[in-house]
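Okay, so here's the structure we're looking at.
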Protein chains: 2
Amino acid sequence: MTTTSKRPLTLRDVSDACGVSEMTVSRVLRNRGDVSAATRDRVLAAAKTLGYVPNQIAGSLASQRVNLVAVIIPSLSNMVFPEVLNGINQTLEDTPLQPVVGVTDYLPEKEERVLYEMLSWRPSGVIIAGLEHSDATRAMLGNAGIPVVEIMDTDGKPIDAMVGISHRRAGRETARAILKEGYEHIGFMGTKMPLDHRARKRFEGFTEGLAKAGVEIEDRAFYSGGSALAKGREMTQEMLERSPDLDFLYYSNDMIGAGGLLWLIDQGIDVPGTIGLAGFNGVELLQGLPRQLATMDSCRRQIGQTAARIVMSDIGDTQDEGEPRQQTLTPTLSYGDTLRRRRKG
Amino acid sequence: MTTTSKRPLTLRDVSDACGVSEMTVSRVLRNRGDVSAATRDRVLAAAKTLGYVPNQIAGSLASQRVNLVAVIIPSLSNMVFPEVLNGINQTLEDTPLQPVVGVTDYLPEKEERVLYEMLSWRPSGVIIAGLEHSDATRAMLGNAGIPVVEIMDTDGKPIDAMVGISHRRAGRETARAILKEGYEHIGFMGTKMPLDHRARKRFEGFTEGLAKAGVEIEDRAFYSGGSALAKGREMTQEMLERSPDLDFLYYSNDMIGAGGLLWLIDQGIDVPGTIGLAGFNGVELLQGLPRQLATMDSCRRQIGQTAARIVMSDIGDTQDEGEPRQQTLTPTLSYGDTLRRRRKG
DNA sequence: GTGAAAGCGCTAACAA
DNA sequence: TTGTTAGCGCTTTCAC
């Protein structure tokens with residue numbers, strides 16, 4: 001099979017090879033319309049022997065439909081986003097739709113560029129992280145004439161559809177749970193990322209949740225770069241040296257939380273008796289730590305799946321059209337071993 | 001700017017809007033050929049006002065060149081692969097080339113399907129993980145008429161170009177280092193993945209390295225699924241209960257190694273005195289553990305960068321053509337805190 | 001059940 | 001510097 005040809009094969013080549021019109025070959029290759037079993041087999045055989053691979057570029061241009069879904073996320077290093085991608089991939093698996101990923105590095109200008117490039121492929125839909133975009137980005141999304149699903153965050157107004165969780169609420173609920181356990185002197189640690197709106201909203205919700213009970217964050221620290229686990233260690237040590245009276249530490253993500261937890265265990269400090277801890281994301285990765293960090297699941301995979309389903313139903317590539325265009329999922333708080341304070345007496 | 005139009009805009013629309021031929025508009029939008037500053041500005045203004053986004057589908061078909069690079073990897077959950085992707089992304093950043101990712105889940109049939117779909121977009125190059133592929137996959141790659149870079153593994157013969165490390169050698173060198181430190185009773189733990197050829201080769205190399213010194217692996221265990229950290233814990237406990245005489249544990253990846261390390265620390269077992277440990281990959285994520293696991297860097301980012309550079313130089317999209325088509329990188333062994341045995345006496 | 005003609009939106013090549 | 005013409009490889013539409 002197959003000969004080493006410089007020029008890629010065309011429908012024409014297959015047509016020639018089996019004495020059937022290009023049109024019919026095309027029909028066979030797409031399982032479209034009625035084709036007799038006989039010609040069908042001949043065509044398939046010829047295509048296989050030649051090693052023909054259809055040209056989607058030409059196909060898409062002619063049919064005016066592109067089976068691509070643009071997926072735009074801030075980062076691939078964060079673990080969180082590959083998981084969303086997995087959800088999307090999985091849901092799109094058995095459809096003709098193919099996700100194409102673009103990475104923005106949390107930069108609005110880059111988001112704009114990436115979106116522009118993706119739209120130039122005329123995808124059938126866009127799944128994009130977050131609700132905050134530059135005006136140009138919003139304009140492009142609004143005018144693309146295709147379904148747009150903004151994911152991961154629902155604190156705001158979507159351009160079109162939206163699936164995610166309320167990070168503000170996540171922060172508030174965590175604050176409530178912490179206070180309910182009787183902790184009162186609370187420190188916060190997170191990333192120094194003004195453009196990570198979800199982390200910001202979580203922080204705001206958290207502050208707000210404390211404020212309702214008249215409590216204020218007593219110390220805070222922000223980091224950037226480096227291994228999150230190591231940073232969590234360092235920052236925790238520094239914060240406790242600076243503010244020894246703290247009895248709870250809220251981390252904006254599980255990795256730094258885990259670093260803090262490991263350091264506290266090292267120091268022989270009683271967790272959650274002397275100090276309680278909580279992170280955010282519910283990363284599976286961390287199951288297996290000496291103690292399970294309290295955390296709140298961010299529903300990443302489900303978000304991916306749902307977003308993909310919305311796009312599918314918009315395009316009409318599925319029967320069950322019933323996918324709501326705005327979905328706020330409810331994250332669950334896991335207390336793990338670091339939030340349930342042992343009752344005094 | 002921009003009106004909500006159902007039909008996407010075409011060059012024609014821009015042409016009409018600014019009274020300049022489609023051809024010239026096209027030239028402006030691609031910075032091609034000489035265009036007077038005046039028309040240039042008019043065109044740009046019109047395009048911006050309308051919110052025109054070029055149609056790459058049509059452009060690629062007409063120009064017979066597609067600025068896409070297909071990247072085919074087994075998984076997105078593994079951390080290792082997103083890092084390779086980051087390397088590719090970074091290198092392709094300032095070129096017109098765009099990576100498009102396909103995931104195979106370690107399944108040869110899926111690899112075949114994914115490759116077929118990617119090739120149908122007529123990408124300018126393919127970067128694909130591993131050297132082991134089905135016959136059909138090899139045929140497609142061989143006949144595509146574009147640069148093909150097989151990455152991550154160099155134990156075998158590439159179809160075209162190849163960048164990676166020798167996993168066999170990695171296993172051997174680790175074995176050598178372990179023996180040199182005086183460990184003699186060695187256990188192995190890894191994933192139960194017959195299709196992960198790199199892990200297999202590492203294991204073979206390791207066995208071989210030990211064999212040269214007349215040493216055999218005394219116990220082994222394989223897992224699948226679940227949190228690697230948790231699995232590392234469990235398996236380590238089970239193995240040491242089963243084979244209490246072991247004085248070294250080699251893990252096929254850092255995550256299970258870290259799980260093992262955490263368990264041993266919990267138990268108060270002397271590492272690396274009583275038992276030594278080593279993993280593989282050099283994942284940055286784990287910096288910050290109470291003790292640093294010995295590991296061997298798998299050069300992931302560099303592999304991505306180099307593969308991208310090979311594709312670029314093949315396409316002629318870069319000046320420095322000098323990128324060798326076969327590169328075996330040399331991973332460094334980090335002893336961390338778990339491999340250097342304290343000398344007796 | 002099969003084929004012929006037209007054209008998707010752009011760019012290469014050439015003409016002016 | 002700008003415009004015209006002729007496709008790129010497929011699919012739509014309509015005819016047979």
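All values below come from the heavy atoms of this structure, side chains included, with hydrogens, waters and symmetry mates left out. Just so we're on the same page: letters track the sequence lines, and every chain starts at 1. Because the structure is predicted, anything quoted here is derived from the model rather than measured.
Between B/Asn55 atom CG and C/dT11 atom P there is a gap of 9 Å when expressed in whole angstrom units. Note: CD (A/Gln56) to C1' (C/dC8) measures 15 Å, nearest angstrom. As a whole-Å value, the separation of A/Leu29 CG from D/dG9 P is 16 Å. Between A/Asp13 atom CG and D/dG9 atom P the separation is 9 Å, expressed in whole Å. A/Arg30 places its CZ atom 11 Å from the P atom of D/dC10, with the value rounded to the nearest Å. To the nearest angstrom, P of C/dA12 lies 7 Å from CZ of B/Arg65. The CG-C1' distance, from B/Leu61 to D/dG9, rounds to 6 Å in whole Å. Across the protein-nucleic acid pair, A/Leu11 atom CG and D/dT12 atom P stand 13 Å apart, rounded to whole Å.
B/Gln326 pairs by the side chain to side chain contact (heavy atoms under 4.5 Å, CB included) definition with B/Pro158, B/Met162, not counting sequence neighbours.
Ionic pairing of A/Arg27 and A/Asp34 is not present here: no N-O contact between side-chain nitrogen and carboxylate oxygen is shorter than 4.0 angstrom. Salt bridge A/Arg301/A/Glu83: absent, no basic N to carboxylate O contact under 4.0 Å.
For B/His133 and B/Glu112, the side-chain atoms include no donor-acceptor pair closer than 3.5 Å.
Note that the CG atom of A/Asn86 and the CZ atom of A/Arg300 stand 10.5 Å from one another [nearest 0.5 Å].
Listed candidates were D/dT12, C/dG9, C/dT11. Nearest to the side chain of A/Gln64 is C/dG9. Ranking C/dG1, D/dG9, C/dA5 by closeness to the A/Ser36 side chain, first place goes to C/dG1. In the set D/dG3, D/dT13, C/dT2, D/dG3 carries the atom at the smallest distance from any side-chain atom of B/Met23. Comparing atom distances between the A/Ser63 side chain and each of C/dG3, D/dT12, C/dG9 picks out D/dT12 as nearest.
A close approach under 4.0 Å does not occur between any side-chain nitrogen or oxygen of A/Thr10 and OP1 or OP2 of D/dG9. Between C/dT11 and B/Ser26, a contact under 4.0 Å exists linking OP1 or OP2 to a side-chain N or O. Phosphate contact (OP1/OP2 of D/dC10, side-chain N/O of A/Tyr52, threshold under 4.0 Å): present. Residue B/Arg32 places no side-chain N or O under 4.0 Å from the OP1 or OP2 atom of C/dT11. Taking 4.0 angstrom as the limit, B/Arg12 places none of its side-chain polar atoms (N or O) nearer than this to OP1 or OP2 of C/dT11.
Residue B/Arg27 is in base contact, counting any heavy-atom pair closer than 4.0 Å across all strands shown. Counting any heavy atom pair closer than 4.0 Å across all strands shown, B/Asp34 reaches a base atom. Looking at heavy-atom distances under 4.0 Å, B/Thr39 makes contact with sugar-phosphate atoms alone, never a base.
Side chain of B/Asp105 to backbone of B/Leu107: no donor-acceptor contact under 3.5 angstrom is found. When atom types are taken as modelled, the side chain of B/Asn67 and the backbone of B/Leu97 share no donor-acceptor pair closer than 3.5 angstrom.
Non-hydrogen atoms lying under 4.0 Å from DNA chain D are contributed by nothing in residues 116-125 of chain A.
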Item to check | Residue pair B/Val100, B/Trp121: steps toward the side chain to side chain contact (heavy atoms under 4.5 Å, CB included) verdict | outcome: CA-CA 10 Å; B/Val100 184; B/Trp121 287 100; over 6 Å; no
